[in-house]
Amino acid sequence: ELWRYRDLIVMFVKRNFTVMYKQTILGPLWIILNPLITTVLFNVVFGGIAGLSTDGTPSFLFYMAGNTVWTFFASCINGTANTFVANSQVFGKVYFPRLTTPISQVLTSLINFFIQFVMYILFWVYFAVTGSGVHLTAWAFAVPLVVLEIPFVMLEVMLLGLGVGIIVSALTTKYRDLAIAVSFGVQLWMYISPVVYPLSSLEESPRLQMLMRLNPMTAPIEVFRMGTLGTGTVEVGSLIYSLIVTAAALVLGVVLFSRIEKTFMDTV
């Protein structure tokens, strides 16, 4: 059914971009400016002032790598978390698969990620040419396919963001507080993910490192850094665990979403 409504999904993606950048001076340039400004702030605060380790890689690239992946994940959640409330007027007038709206949101985030990834690669090339010690490893084969198709790691991040987002969207029909708390929760989630610090920095605290591995976003971020920067703590067990959590979140999200869409007009 979703495949039959693929043209509607494309239309929603176009609508998302129009609404997002309508009446803005810089328009789509914010796709580049937001992660760039955030990376500079991370570099100054966590790299310069706090002096956190970056596993021997250029701090700017280290923070940009983590921020690129995290921005993609966060935008998937934030974009889908308010699906029912934001589209209640449309849902109440005409039938179409309700999942088309959150899917269009994650596809919009995917396009933004692609643009930010290209920017990241340009900075990577600059640091490599200037001899800053950047090098590729065998893990790199998990990442450059983004030019041709969705890479495995980014597909997982997108599905995890979709699963968590539609779970929240289903619950917000009854509990509006979640719509307010989700942005704050995503920010807190970032700080328990290896975005501004490497997982290897927690080796002296095995229990804390184990808790970090329970975060399903830890493995994708570490794999991304391993592929592009040659540093990271990647284990097969962590990857399998992350995939299991992603699949569980997606299945649970779709089940909740399907049940709520039948009665959400009574509560929205």
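This one's a predicted model, so the numbers in the text were calculated from it and none came from an experiment.
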Contacts of type side chain to side chain donor-acceptor pair (under 3.5 Å), residue T100, not counting sequence neighbours: none
Over all heavy atoms of both residues, which pair between T80 and P102 is shortest? Give the atoms and the distance, please. CG2-O, 3.4 Å
T71 side chain to Q116 side chain, donor-acceptor N/O pair below 3.5 angstrom: no
With sequence neighbours excluded, residues passing side chain to side chain donor-acceptor pair (under 3.5 Å) with T218: none
What residues, two or more places apart in sequence or in another chain, satisfy side chain to side chain contact (heavy atoms under 4.5 Å, CB included) together with S59? N43, T54, Y63
Flag yes if L99 and V10 sit in one hydrophobic cluster, no otherwise; membership is Ile, Leu, Val, Met, Phe, Trp, Tyr, and two members link when side-chain heavy atoms are under 4.5 Å apart. no
Any M154 side-chain heavy atom under 4.5 Å of F114 side chain: no
Between L250 and I166, which heavy-atom pair has the shortest distance, and what is it? O-CD1, 4.5 Å
S104/N16 under side-chain contact (heavy atoms from CB on, under 4.5 Å): CA gap, chis, key distance, verdict: CA-CA 8 Å; S104 69; N16 293 339; 3.6 Å; yes
Minimal heavy-atom distance between T172 and S169, with the atoms involved, is OG1-O, 2.8 Å
Rounded at 0.5 Å granularity, tell me how far CD1 in I37 sits from CG in N67. 11.0 Å
Quick one, S75 and N112 - any side-chain contact, counting heavy atoms below 4.5 Å? no
In Å and rounded to the nearest 0.5 Å, what is the CE to OG1 distance from M217 to T246? 9.0 Å
Determine, step by step, whether I167 and L171 satisfy the side-chain contact (heavy atoms from CB on, under 4.5 Å) criterion, reporting the C-alpha distance in whole Å, the side-chain angles of both residues, the deciding distance to 0.1 Å, and the verdict. CA-CA 6 Å; I167 288 174; L171 296 177; 4.2 Å; yes
Would you check if P35 and M119 make a side-chain contact, meaning some heavy-atom pair closer than 4.5 Å? yes
Using 0.5 Å steps for rounding, measure from the CG atom of L155 to the CG atom of L160. 11.0 Å
Identify, with sequence neighbours excluded, every residue that meets ring-ring contact (aromatic ring centres under 6.0 Å, His included) alongside F73. W70, W189
Given side chains that start at C-beta, do those of P220 and S242 come closer than 4.5 Å, heavy atoms only? yes
What is the ring orientation for F117 with Y120, classed by angle as parallel under 30°, tilted 30 to 60°, or perpendicular over 60°? tilted
Can you name the side chain to side chain donor-acceptor pair (under 3.5 Å) partners of T68, sequence neighbours left out? none
F42 and side-chain contact (heavy atoms from CB on, under 4.5 Å): which single residue from T38, T39, V45, V40 fits? T38
Other members of the hydrophobic cluster containing V255, with the 4.5 Å side-chain heavy-atom rule, please. V251
Separation between CG of L239 and CD of E156, rounded to the nearest 0.5 Å: 7.5 Å
Linking I/L/V/M/F/W/Y whenever any side-chain heavy atoms sit under 4.5 Å apart, do Y191 and F72 land together? yes
Side chain to side chain contact (heavy atoms under 4.5 Å, CB included) partners for S200, two or more places apart: D55, P198, E203, T233
With side-chain contact (heavy atoms from CB on, under 4.5 Å) as the test, would you mind laying out the steps for F62 and V196 before giving the verdict? CA-CA 8 Å; F62 179 88; V196 297; over 6 Å; no
Just wondering, do N215 and S193 contact through their side chains at under 4.5 Å, heavy atoms? yes
Could you state whether V129 and Y126 fall into the same hydrophobic cluster, counting links through intermediate Ile, Leu, Val, Met, Phe, Trp or Tyr residues with side-chain heavy atoms under 4.5 angstrom apart? yes
CE (M64) and CD1 (I121) are apart, to the nearest 0.5 Å, by 10.5 Å
Which pair of heavy atoms, one from L229 and one from W124, lies closest together, and at what distance? CD2-CD1, 4.0 Å
With the side chain counted from C-beta on, respond yes when L36 and F123 share a heavy-atom pair under 4.5 Å apart, and no when they do not. yes
Which pairs pass salt bridge (charged side-chain N to carboxylate O under 4.0 Å, His left out) with one or both residues in residues 212-226, sequence neighbours excluded? R213-E235, E222-R225
Can you name the one residue among V195, I221, V223 that meets side-chain contact (heavy atoms from CB on, under 4.5 Å) with V69? I221
Show every side chain to side chain donor-acceptor pair (under 3.5 Å) that has at least one partner inside residues 1-13, sequence neighbours left out. E1-Y95
Under the side chain to side chain donor-acceptor pair (under 3.5 Å) test, residues paired with T101 that sit two or more places apart: none
A side-chain contact here means heavy atoms from C-beta on lying under 4.5 Å apart; do V106 and C76 qualify? yes
Under 4.5 Å side-chain linkage, directly or through intermediates, the cluster mates of V236: I240, I244
Do you know the tightest heavy-atom contact between V182 and A81? CG2-CB, 4.2 Å
For F12, the ring-ring contact (aromatic ring centres under 6.0 Å, His included) test, sequence neighbours excluded, returns F96
Minimum heavy-atom distance Q209-L199, with the two atoms named: NE2-O, 3.1 Å
Let me confirm one number: the CZ-CE distance from F113 to M158, rounded to the nearest 0.5 Å. 10.5 Å
